[in-house]
Amino acid sequence: MFCYQCQEAYKGRGCTERGGCGKDALTSNIMDLLIYTVKGICTLSTLMRDNNIGVDNRVNKYVIESLYTTTTNCNYNRENLKNRISEGLKLKMELYNICVSYNLAIPPREEILWASNINDFSAKASIITADDNEIHSEERAMKEFIIYSLKGIAGFMYNAMQLGYNDLGVHTFMQSIISDLTRKGVSRDEWLDLLTLTGQYSMRTIALLDKARTEKFGHPEFTTVNLSSKNRAAILVSGDNLRDLKELLEQSVNTGIDIYTHSSMIAAHAYPELRKYEHLRGNFGGSWSSQREEFPAFHGPILFTGNYIIPPSIELSYKERMFTTNVAGYPGCKHIQADHNGRKDFSEIIAMAKEFRAPASLERGCLNIGFAHRTLTDITSQLLSSYGVGDIRRLVFIVGEDGRSSARTYYTNLAAMLPKSSILFTAGDVKYRFNKHRFGYMNGMPRLFDAGQIEDTYSLIEFILNLKRTLRVKDINKLPTSYFVSWYSQSSLAILLALLSLGIKGIKLGPTIPPFCTEDMFKVLSKQFALQLITTAERDSEHIFENSFEYEQIPDYND
């Protein structure tokens with residue numbers, strides 16, 4: 001195996017025997033084979049579209065699900081992955097036959113021509129998996145950067161599609177780019193153009209997901225979320241799929257059990273259509289990266305609706321209480337499949353919950369959430385008034401994912417060291433590094449605004465763009481803002497590219513340079529986008545006022 005798609009890559013280079021995420025070598029290779037299959041399908045679907053031949057929506061669904069399946073901490077079930085490849089080979093043959101019937105010039109690429117049966121997958125997977133030397137070639141690294149970012153976008157699109165929202169333009173773009181990456185000779189200039197374009201489609205996708213969620217569940221509102229547990233049996237929901245949570249809440253009404261959110265799912269409490277359920281009791285635990293330490297104390301069943309799975313330890317196993325759904329999977333765990341109408345039956349999980357005692361309380365208190373774009377728009381005038389008199393001098397945005405690296409204490413320290421004249425905005429699991437710190441208030445406003453899950457960075461972007469319009473600033477980099485992106489896996493890469501596509505300069509990335517990004521590539525990114533690597537919390541907190549501007553130079557925002 002060779003895998004370096006997440007921040008836990010061994011020695012910052014790549015995992016060769018077992019993934020830092022816990023997947024074994026064969027599972028990793030099978031994932032590579034699934035992406036190999038996707039490349040063949042995308043090359044054929046793009047060829048068809050280029051010749052004005054319609055492409056079945058099954059192709060779009062397959063590509064999105066397959067990309068999302070291979071994201072870090074999502075699916076460890078090798079048999080499930082093999083079955084997905086078999087499905088893909090059948091779909092690829094259908095597309096191939098259509099292309100032949102139209103006499104199209106099919107590229108003689110191995111990704112298209114390969115066909116096999118499930119018994120040969122392991123052997124093929126070991127052949128197509130790159131070795132250490134090949135994968136660190138610049139061209140391969142450039143392509144992988146794009147592929148990993150597309151995986152992040154696929155996760156966002158998957159959740160939008162689950163809610164009945166779709167965008168053919170995003171599918172067409174993604175499949176076209178994947179097809180393009182199968183050819184040789186991608187230059188640095190082409191790569192930079194592709195990065196910007198990918199960022200634009202990342203932005204388009206998180207906007208679609210925001211639209212889907214707000215129209216289905218209402219606009220997030222300021223909400224105080226309970227962190228302590230009640231004395232009732234309960235189910236814990238992890239991942240990022242709000243549709244699953246809604247179905248579970250509906251099916252568990254008046255059953256005598258409570259529902260708790262975990263990690264990124266805490267954002268669900270801010271949506272009116274979810275918050276109305278009284279048995280949506282609170283949030284259990286912290287970041288996804290702490291689940292091994294925290295899940296033994298929950299006692300009841302745990303439902304994974306997406307990625308964020310860490311293999312449970314043998315000593316304190318809770319595997320028998322784990323359930324998966326959607327593209328998530330783990331060997332030996334019950335998988336909840338949707339019926340032909342897209343509905344899921346959670347009765348088995350509900351019944352199991354009744355057999356267990358109430359979860360232990362890991363902590364007490366509460367957290368404030370729900371600062372999405374509508375709420376942030378409402379406080380813009382108040383914030384600018386404080387800025388105008390000098391009480392607030394900087395708006396600091398820390399977004400992205402958390403992880404297990406000790407280097408991530410940087411974000412805890414950075415947030416604590418920010419001057420009192422700064423306001424902090426966050427989205428994603430990185431917030432668990434500092435969201436229990438007492439930041440206090442500034443002129444009646446909290447100094448910490450939590451917008452939600454990592455895809456809710458869209459709300460922060462909308463707020464930034466509204467601020468730019470209100471202050472009549474032509475250059476977004478003239479705003480009194482500082483940006484920090486904590487990357488762990490593919491979704492944070494997609495968010496990073498969305499920010500870069502807006503022309504934002506000087507983003508600080510951490511805790512490390514992505515292992516698939518060579519030193520020369522990072523220099524190119526630094527030159528093109530002024531992308532920087534974090535240094536120390538002390539130094540970076542001291543320099544947040546660099547490139548600032550005076551409020552008096554800006555026309556009165558009330559004019």
Side-chain angles (χ1 to χ4, degrees), residues 367-369 371-373 375-376 379-380 382-384 386-388 390-402 408-443 445-452 454 456-468 470-471 473 476-487 492 495-496 498-500 502 504-511 529-551:
L367 289 173
N368 295 330
I369 66 167
F371 296 101
H373 50 87
T375 306
L376 291 175
I379 59 97
T380 298
Q382 183 182 0
L383 188 149
L384 288 176
S386 296
Y387 185 79
D391 291 339
I392 296 174
R393 294 183 57 210
R394 202 71 173 174
L395 309 180
V396 180
F397 297 84
I398 304 179
V399 301
E401 301 167 290
D402 193 20
R408 293 182 182 275
T409 56
Y410 165 90
Y411 297 101
T412 306
N413 297 332
L414 175 70
M417 292 176 180
L418 291 174
K420 295 291 179 61
S421 58
S422 62
I423 298 287
L424 177 56
F425 300 81
T426 190
D429 263 19
V430 67
K431 64 170 160 272
Y432 283 104
R433 288 287 169 175
F434 49 77
N435 63 348
K436 290 159 190 174
H437 179 80
R438 295 181 180 274
F439 289 97
Y441 290 79
M442 171 66 71
N443 296 342
M445 292 181 296
R447 286 189 57 237
L448 173 64
F449 291 92
D450 179 1
I454 188 169
D456 294 316
T457 301
Y458 172 76
S459 281
L460 301 182
I461 290 173
E462 281 294 293
F463 169 68
I464 293 164
L465 295 177
N466 180 55
L467 202 62
K468 180 173 176 284
T470 303
L471 289 174
V473 176
I476 198 169
N477 296 295
K478 294 297 184 181
L479 291 173
T481 50
S482 299
Y483 304 90
F484 297 82
V485 174
S486 169
W487 91 278
S492 45
I495 292 300
L496 172 64
L499 294 170
L500 294 179
L502 295 173
I504 295 175
K505 305 283 188 181
I507 296 172
K508 284 184 167 28
L509 182 67
F529 303 109
L531 185 66
Q532 304 169 32
L533 187 65
I534 61 171
T535 59
T536 65
E538 292 83 358
R539 185 178 186 279
D540 290 343
S541 63
E542 289 173 358
H543 288 77
I544 66 163
F545 294 112
E546 289 180 352
N547 303 320
S548 189
F549 70 100
E550 293 300 323
Y551 178 83

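Remember, it's a predicted structure, so these values are computed and weren't measured experimentally. Because only heavy atoms are used, hydrogens play no part in the values below, and waters and symmetry mates are left out as well, while side chains stay in.
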Q) Which residues pass the ring-ring contact (aromatic ring centres under 6.0 Å, His included) test with Phe463, sequence neighbours left out? A) Phe425
**Q.** Short side-chain to backbone donor-acceptor contact, Ser422 and Leu395, under 3.5 Å
**A.** no
Q: Any chance you could measure Leu467, atom CG, to Thr481, atom OG1, to the nearest 0.5 Å?
A: 8.0 Å
Q) Quick one: side chain to side chain contact (heavy atoms under 4.5 Å, CB included) partners of Glu538, sequence neighbours excluded? A) Met417, Thr536
Q | Results of salt bridge (Lys or Arg N to Asp or Glu O under 4.0 Å) for Asp429 - residues two or more places apart only | A | none
Q: Taking side chain to side chain contact (heavy atoms under 4.5 Å, CB included) as the test, write out the residues that go with Lys420, two or more places apart.
A: Arg447
Q: Grab the two heavy atoms, one from Ile379 and one from Met445, that are nearest each other, plus how far apart they are.
A: O-SD, 4.5 Å
Q) Does Ile507 reach the side chain of Phe529, with side-chain heavy atoms less than 4.5 Å apart? A) no
Q: Measure the shortest side-chain to side-chain distance between Ile423 and Val396 over non-hydrogen atoms and say whether it is less than 4.5 angstrom.
A: no
Q) Less than 4.5 Å apart, any side-chain heavy atom of Leu499 and any of Phe397? A) no
Q | Results of side-chain hydrogen bond (donor to acceptor under 3.5 Å, both in side chains) for Thr375 - residues two or more places apart only | A | none
Q: For Lys436, check side-chain hydrogen bond (donor to acceptor under 3.5 Å, both in side chains) against everything at least two apart and list the hits.
A: Glu363
Q: Check Phe545 against Arg394 and note the closest heavy-atom contact, atom names and distance.
A: CE2-CB, 3.6 Å
**Q.** Contacts of type ring-ring contact (aromatic ring centres under 6.0 Å, His included), residue His437, not counting sequence neighbours
**A.** Phe439
Q. How far apart are the closest heavy atoms of Ala537 and Asn413, and which atoms are they?
A. CB-CB, 3.6 Å
Q. Backbone N or O of Ile544 within a donor-acceptor pair of the Ser482 side chain at under 3.5 Å?
A. yes
Q: For the pair Arg393 (side chain) and Pro480 (backbone), establish whether a donor and an acceptor sit closer than 3.5 Å, ignoring hydrogens and angles.
A: no
Q.
Applying side-chain hydrogen bond (donor to acceptor under 3.5 Å, both in side chains), can you list everything that pairs with Glu462, at least two apart in sequence or on another chain?
A. none
Q. Does the side-chain contact (heavy atoms from CB on, under 4.5 Å) test come out yes or no for Leu509 and Ile534, once each step is laid out?
A. CA-CA 6 Å; Leu509 182 67; Ile534 61 171; 6.0 Å; no
Q) Distance from Thr409 atom OG1 to Leu414 atom CG, nearest 0.5 Å? A) 11.0 Å
Q: For Phe371, enumerate each residue passing the ring-ring contact (aromatic ring centres under 6.0 Å, His included) test, keeping only those at least two apart in sequence or located in another chain.
A: Phe222, Phe449
Q) In Å, rounded to the nearest 0.5 Å, how long is the span from CG of Asn466 to CD1 of Ile461? A) 13.5 Å
Q) Is there a donor-acceptor pair closer than 3.5 Å between any side-chain N or O of Thr426 and the backbone N or O of Ile398? A) yes
Q | side-chain hydrogen bond (donor to acceptor under 3.5 Å, both in side chains) against Asp540, all qualifying residues, sequence neighbours excluded | A | Tyr410, Thr535
Q | Taking every non-hydrogen atom, the tightest pair across Ala451 and Leu460 | A | CB-CD2, 3.7 Å
Q.
Nearest 0.5 angstrom please: Leu479 CG to Leu471 CG, how far?
A. 6.5 Å
Q.
Suppose we screen for salt bridge (Lys or Arg N to Asp or Glu O under 4.0 Å). Which residues come up paired with Asp450, at least two apart in sequence or across chains?
A. Lys431
(Q) Among residues at least two apart in sequence or on other chains, which ones pass ring-ring contact (aromatic ring centres under 6.0 Å, His included) with Phe434? (A) none
**Q.** Over all atoms of both residues, closest heavy-atom pair of Arg433 and Tyr411
**A.** CB-CB, 4.2 Å
Q.
Main chain of Leu376, side chain of Thr380: is a donor-acceptor contact present, judged purely on distance under 3.5 Å?
A. yes
Q: Would you give the length of the straight line joining atom OH of Tyr483 to atom NZ of Lys505, rounded to the nearest 0.5 angstrom?
A: 13.0 Å
Q. When rounded to the nearest 0.5 angstrom, what is the spacing between CE in Met442 and CG in Asp391?
A. 5.5 Å
(Q) Using every non-hydrogen atom in the two residues, find where Asp456 and Ala427 come nearest and quote the distance to one decimal. (A) C-CB, 4.1 Å
Q) Between Ile464 and Ile476, is any pair of side-chain heavy atoms under 4.5 Å apart? A) yes
